[in-house]
Colleague: 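Attaching a single structure in structure tokens format; questions to follow.
Counting starts at 1 for both ligands and their atoms, in listed order. Note: hydrogens, waters and symmetry copies are ignored here, and every other heavy atom, side chains too, is used.
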Amino acid sequence: MSEELGELSRIDGEVRACRKCPLWKGRLNAVPGEGRPDAKVLVVGEAPGRNEDLEGRPFVGAAGKNLEALLAEAGLSRADVFITNVVKCRPPMNRRPSRMEAETCHQYLSRQVKIIAPKLILLLGDTALKQFLPDESLAGVHGRRVVKGGESYFATYHPASVIYNPSLRPTLLRDFQKLTELLAD
Ligand code: SF4
């Protein structure tokens with residue numbers, strides 16, 4: 001476990017100094033991710049927002065509270081998982097990261113996946129889905145396990161989508177409840 005911690009903290013350092021795509025120009029803090037190095041679930045969102053950029057931590061403020069409530073539906077707490085994003089620096093005006101930005105930043109995410117070796121990669125929202133399963137749509141695969149290239153994925157809507165579209169909340173809750181069964185397998 002200390003070896004994994006060391007490798008994750010090496011990635012932290014690289015991300016905080018990274019200037020490989022234009023997003024570094026607008027950041028206050030890069031947000032490499034945080035959590036258990038041996039987590040069974042690796043949570044992947046889209047990108048840091050304003051609060052995350054201020055604190056250098058993923059899913060804080062309202063977004064963090066939403067995520068924590070959803071994780072609880074799956075019998076998980078924040079302390080059980082590792083949380084990160086497709087891109088580690090905040091896009092201007094919280095726009096969606098470009099394909100180039102996501103692809104450039106993927107080197108860090110793919111190393112995090114290898115080190116943590118989670119049982120399940122939880123993809124939150126379309127940007128995270130497309131990063132790993134580019135041929136799938138959220139409407140088609142949300143709420144079920146998809147196995148590809150030796151990894152297990154579980155996609156659902158981004159918790160922030162509930163803020164703008166409250167009708168998605170029951171679907172999100174059901175998807176997170178299904179996680180409990182998958183993790184018990
Ligand atoms: S988003 Fe990723 S690739 Fe772009 S500057 Fe930040 S850490 Fe580097």
Colleague: I'd like to know if E14 pairs up with R111 as an ion pair, taking the criterion as any Lys NZ or Arg NE/NH1/NH2 lying under 4.0 Å from an Asp or Glu carboxylate oxygen.
Modeller: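 So E14 pairs with R111 through a salt bridge.
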Colleague: What are the protein N/O/S atoms, named by residue and atom, that sit under 2.8 Å from atom 8 (Fe) of ligand 1?
Modeller: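 Per the 2.8 Å query on atom 8 (Fe) of ligand 1, atoms found are C18 SG.
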Colleague: Counting neighbours of CE on M93 that are heavy atoms of other residues, nucleotides or ligands and sit closer than 6.0 Å, is the number greater than 12?
Modeller: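 Incorrect, the count does not exceed 12.
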Colleague: Hey, are E7 and K114 close enough for a salt bridge, meaning a charged N less than 4.0 Å from a carboxylate O?
Modeller: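 No.
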Colleague: Verify, without hydrogens or angle tests, whether K148 (side chain) and F132 (backbone) share a donor-acceptor contact under 3.5 angstrom.
Modeller: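 Yes; at least one donor-acceptor contact below 3.5 Å.
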Colleague: Between V31 and V81, is there shared hydrophobic-cluster membership here, with clusters defined by ILVMFWY side-chain heavy atoms closer than 4.5 Å?
Modeller: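 No, it is not one cluster - the side chains of V31 and V81 are not joined through contacts under 4.5 Å.
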Colleague: Does anything in residues 172-183 form a side chain to side chain donor-acceptor pair (under 3.5 Å)? List the pairs, not counting sequence neighbours.
Modeller: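 Of all non-adjacent pairs touching residues 172-183, those that pass side chain to side chain donor-acceptor pair (under 3.5 Å) are E73-Q177, H142-D175, T156-D175.
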